[in-house]
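Notes follow the structure.
Just so you know, these numbers use all the heavy atoms, side chains as well, and skip hydrogens, waters and symmetry mates.
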Amino acid sequence: MIQAADDRLRDEVRLLGALLGEVIRDEGGQELYDRIEAVRQASVAYHRDPASHGASKLEALLNDLSLDQAIGLTHGFAAFSLLANVAEDRAGKRRAREQAVAGERADTPEGALKRLDAAGVDRAAVRDLLAHALISPVLTAHPSEVRRKSVIDRIGAVGGLLDGCDRDGIACSPTRLKAELRRQIVILWATRLTRASGLVVQDEINTVTDWLQRIFLHVAPAQLAEWRTLLDAPDLPPFLRIGTWVGGDRDGNPNVDATVLAAAFRTQSRAVLRFYLEEVNALGEELSLSAELTTVTPELAALAQASVDASVQRADEPYRRALSQIYARLSATHLVLTGGRAPLPASFEAPGYESPDAFRAELAVLHDSLVRTHGAAFADDRLTRLITAADIFGFHMATLDLRQNSDVHERVVADLLKVAGVCPDYAGLDEEARLSLLARELESPRPLFSPYADYDAETLKERAILQAAAAALAAFGPQAIRTHIVSKTDAASDMLEVYLLLKEVGLYDPADPAACPVQAAPLFETIEDLRASQPTLERVLAEPSARAVATARGVQEVMIGYSDSNKDGSYLTSGWELHEASRALLEVTRAAGVRLQLFHGRGGAVGRGGGSSFSAVLGQPAGTVAGRIRVTEQGEVIANKYGEPEVAQRNLDALTCGTLLASLGPQTDGGYSAEHGATAARLSAASMKAYRALVYETTGFVDYFRAATPIAEIADLKIGSRPASRSTSTAIEDLRAIPWVFSWSQSRVMLPGWYGFGSAVQGEDPDELRAMAQAWPFFRTVVQNMEMVMAKADMAIARRYAKLVPDAALAGRIYGEIRAEWDRTRDAVLSITGHDDLLGGQPELDRLIRQRMPYVEPLNHVQIELIRRRRAGDDDPRVSNGILLAINGVAAGLRNSG
């Protein structure tokens with residue numbers, strides 16, 4: 001089975017590679033084709049036998065490239081990596097289908113339910129949990145997707161052709177397939193792989209809305225339908241809620257303002273309303289049932305009678321009359337909420353819907369009539385899916401989170417208090433004095449803001465954004481915005497400042513605090529803040545304002561950040577501190593009588609909390625999931641996990657299955673024991689010490705990092721609307737986590753995903769560590785993620801990047817420390833897994849990585865040479881473009897960036 005799967009994957013890679021070769025020869029010329037082919041063969045030979053002379057031959061081929069040759073070669077290898085990804089994704093889909101049918105995978109609905117059955121968990125418990133669950137992937141604009149949408153569309157078209165051939169079976173003509181594939185590859189080859197201009201926030205809004213419209217609008221109802229069938233629960237309410245940050249996340253992004261927030265809702269609403277209009281129109285074409293040939297419920301008869309549809313043709317067709325009225329009302333709603341008319345105007349005017357619930361109620365009248373009259377034929381059909389979509393997406397499409405840095409809130413509140421004559425120096429108060437003052441203001445109905453006073457521009461901007469949020473809630477309902485996340489939370493006053501600002505725009509009412517539709521949620525992201533999270537949240541929930549909101553909602557949401565905690569203290573320490581903070585926060589919320597809802601701020605790369613979502617959820621401390629989880633989906637992760645319906649549903653199911661097993665599964669505390677905890681704490685402390693000794697305490701490390709990685713060049717990629725750093729400082733502390741991880745990924749060190757672990761386990765009992773990995777999902781996932789990221793690392797290539805450092809002595813010293821720790825960590829991982837090589841226990845992943853590395857390595861070499869030229873003063877724009885192209889290709893080959 002495995003061999004057959006490998007053969008098919010290899011055949012598809014060869015097919016796509018051969019077609020790309022033909023295109024390169026025809027479009028780029030024989031000389032370019034010959035050079036690319038020679039480099040490819042030398043790189044493959046070297047990786048098959050590193051002891052051969054392949055390395056010197058490869059280096060000779062890559063030396064003395066002309067600029068045009070370097071760019072052509074880079075373009076070719078980048079295109080190949082993109083096409084190889086298509087074949088790998090298809091192999092993954094085939095493997096997943098086979099394993100799902102066999103019931104081998106616990107991350108599939110059948111597999112998860114099978115495991116719960118074995119543990120004695122009955123279906124009633126599963127139904128009850130999902131009926132009250134919240135599972136929410138949150139799409140963010142954090143910039144780690146280097147591929148243009150045009151490129152993603154082309155590789156999607158290639159995958160679609162191959163998938164279509166699978167569906168057609170013997171009817172698929174190989175000749176026709178090759179011709180159509182070749183056409184798409186020609187377009188890909190002639191498409192610029194990098195962006196020519198920077199993104200603005202509206203670009204990011206459009207991109208996320210496109211994913212929502214093309215994928216989630218269809219997949220979410222389909223997923224719920226399958227769970228309803230499996231659990232024999234036709235009335236199971238939706239547990240999936242899609243979230244987004246795009247247009248509401250202004251932390252460090254000066255480009256997000258009130259206008260952008262309003263535009264985000266208009267864009268999302270336009271997409272979801274047009275989907276509803278299309279579906280209602282399609283149902284109108286389909287449901288031609290005549291009153292002469294069927295009966296209908298009184299409710300449907302009344303709805304049809306109320307329609308002002310004057311068509312004689314539809315006079316005896318009650319469903320069509322009702323749908324005509326629904327369409328007209330949707331069309332009017334579209335005009336009100338988006339400011340534009342529907343693409344296909346209604347044939348008559350009708351009042352718009354006051355809420356999505358009213359729209360859903362009218363659809364339910366049709367569905368109830370069909371099911372009562374005609375039975376199971378209409379129990380799960382297009383109308384059912386439309387009703388489910390309305391339940392999940394409303395008129396707002398995705399729930400938009402607000403996010404801002406606590407420092408901004410502090411300045412805005414200080415400005416308001418000062419101008420109002422309440423407090424001349426809020427920033428100078430200690431924490432208790434701040435809390436006392438904020439509590440008094442939250443009890444007072446008097447607003448602080450005066451339209452006749454002068455305020456800082458920042459104050460006016462923040463107030464305008466919250467006014468736009470209030471308007472969105474009034475227009476779209478309570479699901480439009482649920483949470484205001486506060487970055488850099490380190491005190492309870494950070495939460496109360498948010499409620500005070502919400503009060504200023506009418507969202508927090510002192511007379512009824514529980515009615516506040518937006519909850520302030522702390523984001524604990526540094527190691528120090530994670531360690532202080534328990535007393536901070538205790539103090540927050542001791543305040544009547546925050547306690548009232550949490551009690552009314554039943555939960556207190558807390559976001560925990562993987563990226564900055566990793567940059568702060570190492571991969572192992574980040575994971576452990578997040579684990580311990582989660583346990584502590586659970587105690588706080590239980591004591592307060594509310595549930596904990598954790599929001600996991602994970603990135604795409606392992607160094608930012610990436611890896612299997614299913615494994616990550618299973619590794620959470622007991623009680624911290626309890627049917628409710630939110631997870632960020634960032635950058636390239638969105639396309640990789642949700643790029644097509646089948647893959648998207650598989651990933652949504654994996655998140656659902658992980659939530660079920662973590663909430664109801666047989667392990668009482670996620671495999672955790674006091675002994676394991678003590679060992680993990682000891683390892684964490686040692687890992688953080690080793691990591692910080694290198695990153696924050698080694699003289700010259702910043703200079704090494706900025707010279708031995710393409711950090712400066714990554715800033716030119718134009719992949720997001722936010723700046724790479726929070727300030728003009730060159731300090732590691734001020735650098736955003738994405739470019740930090742991205743840079744180490746490009747230079748093949750992958751440092752954020754493993755550094756410190758080797759030093760941490762020195763002197764530890766290997767048998768104990770192996771037992772921990774076997775019994776404790778949290779520790780096992782840590783080891784597996786490190787093993788995967790280390791398999792993508794290449795210390796020989798990293799040494800070549802180190803030669804970009806002007807100070808050779810500095811380069812040798814720091815590279816030597818990194819290499820020594822890499823050796824220690826590799827040996828430690830192998831000792832724990834019991835294998836001779838990295839990924840020895842994951843042969844499929846090992847083969848995939850080994851197969852693609854020969855195509856990534858030439859891109860690294862070309863990137864190094866072009867960086868050398870650029871830094872030496874070559875200002876030819878083609879040099880910069882070549883570097884960006886190489887960065888793009890390496891990211892595609894490694895399948896992650898930041």
Side-chain angles (χ1 to χ4, degrees), residues 50 562 566 569-579 605-612 614-616 618-619 671 676 679-691 693-695 741 744-745 747-798 815-850 853 894-896:
Y562 291 66
N566 178 288
S570 84
Y571 175 61
L572 176 62
T573 302
S574 171
W576 174 244
E577 293 294 346
L578 289 161
H579 186 278
V606 165
R608 297 184 54 240
S612 165
F614 175 74
S615 298
L618 287 186
H676 291 163
T679 301
R682 188 170 62 250
L683 295 177
S684 171
S687 178
M688 183 170 178
K689 180 180 179 181
Y691 174 86
L694 174 73
V695 175
V741 174
W744 288 115
S745 172
S747 60
R748 304 295 297 283
V749 181
M750 311 287 187
L751 183 141
W754 56 267
Y755 196 93
F757 186 80
S759 293
V761 301
Q762 293 291 297
E764 294 288 337
D765 180 1
D767 292 334
E768 180 186 2
L769 297 180
R770 281 192 286 271
M772 281 176 60
Q774 183 174 1
W776 190 12
F778 162 76
F779 189 68
R780 180 167 62 250
T781 299
V782 166
V783 173
Q784 287 176 342
N785 284 342
M786 283 193 301
E787 187 177 21
M788 182 272 288
V789 80
M790 293 186 77
K792 293 183 178 182
D794 190 312
M795 287 297 109
I797 293 177
Y815 171 80
E817 292 182 29
I818 293 172
R819 177 59 196 252
E821 181 65 12
W822 192 88
D823 290 338
R824 285 189 290 267
T825 303
R826 178 200 55 203
D827 293 345
V829 168
L830 294 179
S831 174
I832 293 169
T833 63
H835 297 122
D836 295 330
D837 298 297
L838 294 171
L839 298 179
Q842 302 178 68
E844 293 177 6
L845 180 57
D846 180 54
R847 281 192 294 273
L848 290 177
I849 291 176
R850 287 179 180 274
M853 286 306 106
L894 296 178
R895 305 217 70 173
N896 57 32

Determine whether Tyr691 and Tyr571 make a side-chain contact, defined as any pair of heavy atoms from C-beta on separated by less than 4.5 Å. no
Checking Asp846 now: which residues fulfil side chain to side chain contact (heavy atoms under 4.5 Å, CB included) with it, not counting sequence neighbours? Leu839, Arg850
Tell me, please, which residues at least two apart from Leu848 pass side chain to side chain contact (heavy atoms under 4.5 Å, CB included). Leu9, Glu88, Gln851
Classify the side-chain pair Thr679/Glu764 by whether it contains a donor and acceptor separated by less than 3.5 Å. no
A side-chain contact here means heavy atoms from C-beta on lying under 4.5 Å apart; do Gln842 and Glu787 qualify? yes
Only counting residues at least two apart or in another chain, list the ones meeting side-chain hydrogen bond (donor to acceptor under 3.5 Å, both in side chains) with Asp823. Arg819
Do the side chains of Arg748 and Lys792 get nearer than 4.5 Å, heavy atoms only? no
Taking the side chain as every heavy atom from C-beta outward, state whether Met788 and Gln784 have any atom pair closer than 4.5 Å. no
For the residue pair Ser615 and Thr781, confirm or rule out a side-chain donor-acceptor distance under 3.5 Å. no
Between Ala686 and Ala760, the two heavy atoms sitting closest are CB-CA, 3.7 Å
Look at the rings of His579 and Trp776 and say which category their plane angle falls in: under 30° parallel, 30 to 60° tilted, over 60° perpendicular. perpendicular
Which atoms form the tightest heavy-atom contact between Asn566 and Pro752, and what is the distance? ND2-O, 3.0 Å
When you measure from the side chain of Glu817 to the backbone N and O of Leu694, does any donor-acceptor pair fall under 3.5 Å? no
Nearest heavy-atom approach of Ala793 to Val749 is CB-O, 3.9 Å
Parallel under 30°, tilted from 30 to 60°, perpendicular over 60°: which one fits the rings of Phe757 and Phe779? tilted
Would you say the side chain of Thr833 lies within less than 4.5 Å of the side chain of Val783, judging by non-hydrogen atoms? yes
So do the side chains of Leu894 and Ser745 get within less than 4.5 Å of each other, counting heavy atoms only? yes
Which of parallel (below 30°), tilted (30 to 60°) and perpendicular (above 60°) describes Trp822 and Trp754? perpendicular
